[in-house]
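So that the names make sense, note that chain A is the first sequence line, chain B the second, and so on, each numbered from 1. Every value quoted in this text rests on a predicted model; they were computed, and no experiment measured them.
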There are 2 protein chains.
Amino acid sequence: MKVTINDVAKLAGVSMKTVSRVINKEPSVRKKTYDIVMDAVNTLNYQPNLAARNLAGTSSFTVGLVYDNPNAYYVIDMQNGVLSRCKEEGYELVIHPCNYLDGNMEEDFKTMIKRSRLAGLVLTPPLSEQNSIIDMLDEMGIHYVRVLSGRPTEENQDTCIYVNDYAAAYEITAHLLSLGHKNIGFLCGDKEHKSTTERLEGYQAALKDHSIPLHDALIYEGQYSFESGVEGAKALLGENNPKNITALLGGNDEMAAGALFASRLMGIEIPQQLSITGFEDSPFSRQTWPKLTTAHQANDVISQHAARLLFRKTRGARNQDKDIITTFTPSLVVRESSGPTSA
Amino acid sequence: MKVTINDVAKLAGVSMKTVSRVINKEPSVRKKTYDIVMDAVNTLNYQPNLAARNLAGTSSFTVGLVYDNPNAYYVIDMQNGVLSRCKEEGYELVIHPCNYLDGNMEEDFKTMIKRSRLAGLVLTPPLSEQNSIIDMLDEMGIHYVRVLSGRPTEENQDTCIYVNDYAAAYEITAHLLSLGHKNIGFLCGDKEHKSTTERLEGYQAALKDHSIPLHDALIYEGQYSFESGVEGAKALLGENNPKNITALLGGNDEMAAGALFASRLMGIEIPQQLSITGFEDSPFSRQTWPKLTTAHQANDVISQHAARLLFRKTRGARNQDKDIITTFTPSLVVRESSGPTSA
DNA sequence: AGTTAAAATGACAACGCTGTCAATGTTCTA
DNA sequence: TAGAACATTGACAGCGTTGTCATTTTAACT
């Protein structure tokens, strides 16, 4: 019933070690031997036992995905991406949701790492921005790949995957400007988050490039939540829209949806009286009325690349993935929530 | 740096095996010995190595979560629930998303089970309803717990967690009836899914109990998606609402949101002209306009219980959880999308 | 052909734990 | 208080791999 490496070795007429070499794609195996072994592997339908590999080997076949992002769509996308790579490479994935505010995160990490000796971690934002965590991992000698919001830097090319929110926000803003909007509000997330500052800077750069003066009064800081989108829209549009805002950039789709909700409350027609845009292109940007203009972020692809990068670091030279993309720029998706200004 | 069971044994002045007994809560350890060992465990901050345990022991410390449900909110909730139990009990979780239509699912399962010898699986709907899968698992001798939509039966009490969608649908329907609605449409999911038929039957039972005749023409079969909610609402309300429908039950929140969207398209005011209800109380039932009346389903609690049940099966008598709830009934949450009929 | 270097393979210990079974302590019975 | 019965502990093998190092085979030279 249970097939072990020994069974394969016996059938192939080689030693256990040779089989091990074959399944690990180690060099120094004659082509002919390789084929014989693979045949045996296939006829017996052999699957190497992960526990044994993790125990015996110096490097493990388990990677971890750590997140503290409350957005279910985001997490699922990231998870699926990493998972699909893991499956292909025979790795196992351990999920580790956490709450940065909990305080005992450090202990938590250590426990996880001890329990299942991990080959490495994929860290997602905003947790991936925490230097304290990075320092800890460096100190512990744990491999990791960070998914970060921002423009790539020269250093860290082998450790980070960048999502260029700056460029995407610039593009969205330019889109609104091209529609004739001049007073554009921004409902941003927590400014502690890099994604917020990047998106904000992109927005500001676009305005500047179009010679539109910047006003802090047009910026509302929320928490990337639907509720804070509602509050933000109410705050910015106030009584009768004194600031004459004709377009509102949502820091993400949820905030944009909140703004949509608030507009409804205030009797503002979208997009006739006000354009609203989102960010991320999560499923519910298609489930609002009207559907949201947003920036599409290919989270599943991003996470696949993150996993690839991690595997490469982990296995050193064994891996030949040389073409790993490390910068992604979300791209504009125009839907019904944005339109020409009537002001 | 790396603490093993031997280090603990040495510090405690006992044999390795005794430490093993303590961390596994086996009987036949003197209280005093237990305390000494636990002290050593704590001062060294010992964490048993999972790979070694899985390799050496007869039962493994890894459980799997299998799902083919496309709803991110649902999956995350289930995952978090199972994960939180796993953490407490020192288990590891392997995530296994799959697509029942893929065909090669059986092979897929076997591979997963071989790779990491699993203690058991938590199966979520609709995959948990597939007899072919259950049969396969039975044949392979794999432990599992199924989360199922439906009313509990006498058998299977130790293997299934039931979500009583029937009762919940009954309650929602009764709520609408109490608001004076008589022509109530139903946007149901795929009738292949048990959740659909259960919800449908609950709806029908409520109507019957209130002496309202049933009409098949009031039922639209979709796929639990936003788009099919849009289509369904259009189909049922048609041109000028010939069937005089004053309320629409959504099979889930997404379909209800779709119906909301369609109503907007058709210029129907919610809830003044039409009441719409959802099912599940997922986050975005609070992010629509107006917010959805729905049935709250405690997925995180449900999944925690599923995990508990699995652990109990796995470890036999070692576990004293005797009070595991196995039936959950979603409860009505009234929000703004339902109101008295004006017809 | 005879040597030597390099490539390919194998024997065996080790990874950190649990299961088995034997050894020792403890408590109870008569 | 001896002996039985039971509770507690420990020695050691084995789980299925990989790493190390020794051995054999092949290729590449004189």
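A cation-pi arrangement is absent between K114(A) and F109(A) under the rule of less than 6.0 angstrom and at most 45 degrees off the ring axis. Both tests hold for K313(B) against Y144(B): distance to the six-membered ring centre under 6.0 Å, angle to the ring axis within 45°.
Rounded to whole angstrom, the span from the CG atom of L55(B) across to the P atom of dT18(D) amounts to 12 Å. The distance between atom CZ of F61(A) and atom P of dT17(D), rounded to the nearest whole Å, is 11 Å. Per the geometry, CD1 belonging to I5(B) stands 14 Å off C1' belonging to dC15(C), to the nearest Å. dT17(D) atom P lies 14 Å from atom CD of E26(A), rounded to whole Å. Nucleotide dA14(C) holds its P atom 13 Å from the CG atom of N6(B), rounded to whole Å. Atom pair N54(B):CG and dC15(D):C1' shows a separation of 11 Å (rounding to whole Å applied). dG16(C) atom C1' lies 18 Å from atom CZ of R53(A), rounded to whole Å. In this structure, R117(A) atom CZ and dC15(C) atom C1' are separated by 8 Å, rounded to whole Å.
Side chains of N54(A) and T62(A): a donor-acceptor N/O pair is present below 3.5 angstrom, by distance only. With no hydrogens or angles considered, no side-chain donor-acceptor pair links N299(A) and Y73(A) at under 3.5 Å.
Residue pairs meeting the salt bridge (charged side-chain N to carboxylate O under 4.0 Å, His left out) criterion with at least one member in residues 116-137 of chain A, sequence neighbours excluded, do not occur.
Near DNA chain C, meaning a heavy atom under 4.0 Å away, the residues from residues 35-49 of chain B are Y46(B), P48(B), N49(B). Within a heavy-atom distance below 4.0 Å of DNA chain D, no residue of residues 107-116 of chain A is found.
Contact annotation for K32(A): no contact, since no heavy-atom pair falls under 4.0 Å across all strands.
With rounding to the nearest 0.5 angstrom, the CG atom of N24(A) is 5.0 Å from the CZ atom of F61(A).
Considering every non-hydrogen atom in both T124(A) and L65(A), the closest pair reads CG2-CD1, 4.0 Å.
K2(B) has a side-chain polar atom (N or O) that falls below the 4.0 Å cut-off from OP1 or OP2 of dG16(C). For N24(A), a side-chain nitrogen or oxygen approaches OP1 or OP2 of dT18(D) to under 4.0 Å.
For the pair D108(A) and K87(B), the salt-bridge criterion is met [side-chain N within less than 4.0 Å of a carboxylate O].
Considering only residues two or more places apart in sequence or on other chains, S303(B) meets the side chain to side chain donor-acceptor pair (under 3.5 Å) condition with none of them. By the side-chain contact (heavy atoms from CB on, under 4.5 Å) test, N6(B) pairs with T4(B), M16(B), sequence neighbours left out.
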Query raised in the report: Can V147(A) and Y162(A) be said to form a side chain to side chain contact (heavy atoms under 4.5 Å, CB included), step by step?
Result: CA-CA 6 Å; V147(A) 176; Y162(A) 293 95; over 6 Å; no

Report task. Between protein and nucleotides 5-10 of chain D, map the contacts as a letter string: B base, S sugar-phosphate only, - none, heavy atoms under 4.0 Å, written 5' to 3'. Result -> ---BBB

